[in-house]
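Accompanying notes for the structure given below.
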Amino acid sequence: MGRNIAIDGPAGAGKSTIAKKAAQKLGFIYVDTGAMYRAIALYFLRQKTDLSDQDAINSACAKIDVRIRYEDNVQQVLLNGENVNGSIRREEVGNMASKTSAFPQVRAKLLDLQRKLAAEEDVIMDGRDIGTCVLPEAELKIYLTASVQTRAKRRFLELQEKGATAELSEVEKDIEKRDYQDMHRETAPLKQAEDAILIDSSDLTIDQVVEKIIFCFQKKMSAAESRNVTVAKSAGFCFGVKRAVENVYEAAENSGKKVYTYGPVIHNEEVMKDLEEKGVCVLNRKEELTQAKDGLVVIRSHGVGKDIYDFLEKEKISYLDVTCPFVKKIHKLVRKYNEDGYHIIVVGNAGHPEIIGVCGWCSEAETTVIDSLEEADNFVPPDGKKLCVVVQTTYNYKKFKDIVEIIQKKGYYINVLNTICNATDERQTETAKIASEADAMIVIGSRNSSNTRKLFEISKKECENTYYIQTMEDLDLSALQNVNNVGITAGASTPNNIIEEVQNNVRIKF
């Protein structure tokens, strides 16, 4: 991928001369976009194209072929195969180019060629809208200007050297007129890009401006090399979610039945939209399951209570169970300990589907859900009852440990089972480490995802500049402008394509 320097500025600021010298010193290719626009203007002049006739402009553009080639490192501009380097520098061609370059048809003609070259090579490109339109992601943007008087004098001397006759006052008027045209044209007017460096060359020599540009570029590259983007290895689908999603897609394509999921199979809006487009329907209440008598119900990775299985069996409704194996293990544990006379304590969010499902495998009267230190403090163990403690698979380990310490002070017969999934523990540990070393942290996942919210909380403690996003559209890249190290993590329900999109855009911005 090429490195790009974009130089914009008004006529007579010395852009072409300076860009050529800087390109030579840096070993870059100089792309004279002004010359390319002038080539089209030359064609319009030769054909006497009526600029008020849109059909005539479209017809002319269709017949124009502008190419560039290099001979002894010198750019040659070809208009329909003819080398027009000597013709395009005439004053009348420049004036025509100022008008024709505003036409969308002309801009579209050259835009693809310019961007393709910049993507493949290290280039310096100068013009009126390079940093704002043509190469908005250029590594360095320069806005090169000078006073009207200085620019007019430079152009006057240039014309004299070529043997042309001109009045300095007329050249100055012409400069002012072109400035107005360039700055007020409807399409891509001349203006300084927000992140461009302003250089006024009025009192500087050409070599001084060139050295300034090279210094700015080297400084930018040095800063870029010190920047780092770290993506958590554990980011994205965990085993249980990946297995569940793959099974739903497989069922939708090959089961031959209408597919339903009992609750969203994954807490991710993008995936759920895609499944909906494939005909998968979400049922949220037990009573709705009767709609699926001729279809197939998928029990999601969060799991469900025993009553749901009993209902499906009773109604003879086909189902596919993709409950996460780690959640299934908790179901078996709480059922066994409940039958053995234990009071079950489930540490987790009472409203989370996983916890609702877990509680459905033990007696309601012998089950307590605790989700805070305050709730743990207020818990009073039933007289004579042994306690069994389990925890939501995606719970914050530190918080679980703090809650357990409080509960353990309340009795002697307490069996604590750490049922936090290994993947969750690894994800949270890795997130904390990356966040502690980052200047900014990006956490990707649905707002409904419990495990993503926990990652955000963990990251926020370590890195104040933590951003919680669902997709790339939620991320303001300008917030990362002054940071050197960015960390990225994602919840267990975040697809890889979203993580990759965010990662790629952040790297491009860097």
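Throughout, residue positions are numbered sequentially from 1 according to the sequence presented.
Salt bridge Lys433/Glu437: present, at least one basic N to carboxylate O contact under 4.0 Å. The residues Asp310 and Lys306 are annotated as salt-bridged, a charged nitrogen and a carboxylate oxygen being separated by less than 4.0 angstrom. Under 4.0 Å is where a charged nitrogen must lie from a carboxylate oxygen, and between Glu246 and Lys242 at least one such pair does. A salt bridge is defined here as a Lys NZ or Arg NE, NH1 or NH2 lying under 4.0 Å from an Asp or Glu carboxylate O, and Lys409 with Glu405 fails to meet this definition.
The aromatic rings of Trp361 and His331 lie parallel to each other, with less than 30° between the two planes, well short of the 60° mark.
Ile403 has its side chain out of reach of Ile345: every pair of non-hydrogen atoms, C-beta onward, lies at least 4.5 Å apart. No side-chain heavy atom of Thr230 sits under 4.5 Å from any side-chain heavy atom of Asn485. Counting heavy atoms from C-beta outward, Asn505 and Leu475 have side chains that stay 4.5 Å or more apart. The shortest distance between side-chain heavy atoms of Cys324 and Glu354 does not fall below 4.5 Å. Under the 4.5 Å side-chain criterion, counting only non-hydrogen atoms from C-beta, Met183 is not in contact with Pro189. Inter-residue side-chain proximity for Cys61 and Val106 is flagged as met; some heavy-atom pair is nearer than 4.5 Å. Using a 4.5 Å heavy-atom cutoff, the side chains of His352 and His267 are in contact. Inter-residue side-chain proximity for Cys388 and Val334 is flagged as unmet; no heavy-atom pair is nearer than 4.5 Å.
For the 3.5 Å distance criterion, the side chains of Ser101 and Arg185 qualify, holding a donor opposite an acceptor. For the residue pair Glu430 and Ser234, a side-chain donor N or O sits within less than 3.5 Å of a side-chain acceptor on the partner. Donor-acceptor pairing under 3.5 Å is recorded for the side chains of Gln105 and Asn58.
Closest of all the heavy-atom pairs between Asn349 and Arg453 is ND2-NH2, 4.2 Å. Across all their heavy atoms, Gly263 and Asn284 have their closest contact at CA-OD1, 3.9 Å. Contact detail for Val297 and Ala292: the closest heavy-atom pair is CG2-CB, 3.5 Å. The heavy-atom pair separating Ala6 from Ala138 by the smallest distance is CB-CB, 4.0 Å. Listed here is the closest heavy atom pair of Ile213 and Leu140: O-CD2, 3.7 Å. When all heavy atoms of Leu144 and Ile7 are compared, the closest pair comes out as CB-CG2, 4.2 Å.
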message: Does Asn496 form a side chain to side chain donor-acceptor pair (under 3.5 Å) with Glu500? I'd like the steps, not just the answer.
response: CA-CA 6 Å; Asn496 281 336; Glu500 287 173 4; 5.5 Å; no

- request: Decide yes or no on side chain to side chain donor-acceptor pair (under 3.5 Å) for Tyr30 and Gln24, but give the supporting numbers first.
  value: CA-CA 8 Å; Tyr30 166 67; Gln24 189 175 22; over 6 Å; no

- request: Starting from the C-alpha separation in whole Å, work towards a yes-or-no answer on side chain to side chain donor-acceptor pair (under 3.5 Å) for Ser449 and Ser493.
  value: CA-CA 7 Å; Ser449 169; Ser493 300; 4.6 Å; no

message: Using salt bridge (Lys or Arg N to Asp or Glu O under 4.0 Å), reason through Glu339 and Arg335 one step at a time and then give a plain yes or no.
response: CA-CA 6 Å; Glu339 289 173 351; Arg335 185 178 188 179; 3.6 Å; yes

message: I'd like to know whether Leu26 forms a side-chain contact (heavy atoms from CB on, under 4.5 Å) with Ile5, so could you lay out the CA-CA distance, the side-chain angles of the two residues, the decisive distance to 0.1 Å, and finally the verdict.
response: CA-CA 11 Å; Leu26 288 168; Ile5 298 176; 3.7 Å; yes

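Rounding to the nearest 0.5 angstrom, the gap separating the CD1 atom in Ile370 from the CD1 atom in Ile407 is 4.0 Å. Between the CD atom of Glu288 and the SG atom of Cys281 there is a distance of 8.0 Å, given to the nearest 0.5 Å. Atom SG in Cys359 sits 10.5 Å away from atom CG in Asn338 (nearest 0.5 Å). Of the inter-residue distances, the one linking Glu501 atom CD with Thr471 atom OG1 reads 7.0 Å to the nearest 0.5 angstrom. Note that CD1 of Ile420 is 8.5 Å distant from OG1 of Thr393, once rounded to the nearest 0.5 Å. The distance from atom CZ of Arg300 to atom OG1 of Thr323, rounded to the nearest 0.5 Å, is 10.0 Å.
Within a 6.0 Å radius of CG in Asp294, no more than 12 heavy atoms belonging to other residues, nucleotides or ligands are found. Residue Lys399 places its NZ atom among more than 12 non-hydrogen atoms of other residues, nucleotides or ligands, all under 6.0 Å distant. A 6.0 Å sphere centred on NZ of Lys460 holds more than 12 heavy atoms belonging to other residues, nucleotides or ligands. More than 12 non-hydrogen atoms from other residues, nucleotides or ligands lie less than 6.0 angstrom from OH of Tyr309. Shown here is Tyr397, whose OH atom has no more than 12 heavy atoms of other residues, nucleotides or ligands within 6.0 Å.
In summary, the aromatic rings of Phe456 and Tyr468 are positioned with their centroids under 6.0 Å apart. Taking the centre of each ring, Phe217 and Phe28 come in below the 6.0 Å mark.
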Report, one line per pair, each donor and acceptor closer than 3.5 Å where one atom sits in a side chain of residues 373-387; sequence neighbours left out.
unit_1 : atom_1 : unit_2 : atom_2 : d
Glu375 : OE1    : Asp371 : N      : 2.5
Asn378 : ND2    : Glu374 : O      : 3.3
Lys385 : NZ     : Gly341 : O      : 3.3

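A search for ring-ring contact (aromatic ring centres under 6.0 Å, His included) contacts involving Tyr342 returns Tyr337, not counting sequence neighbours.
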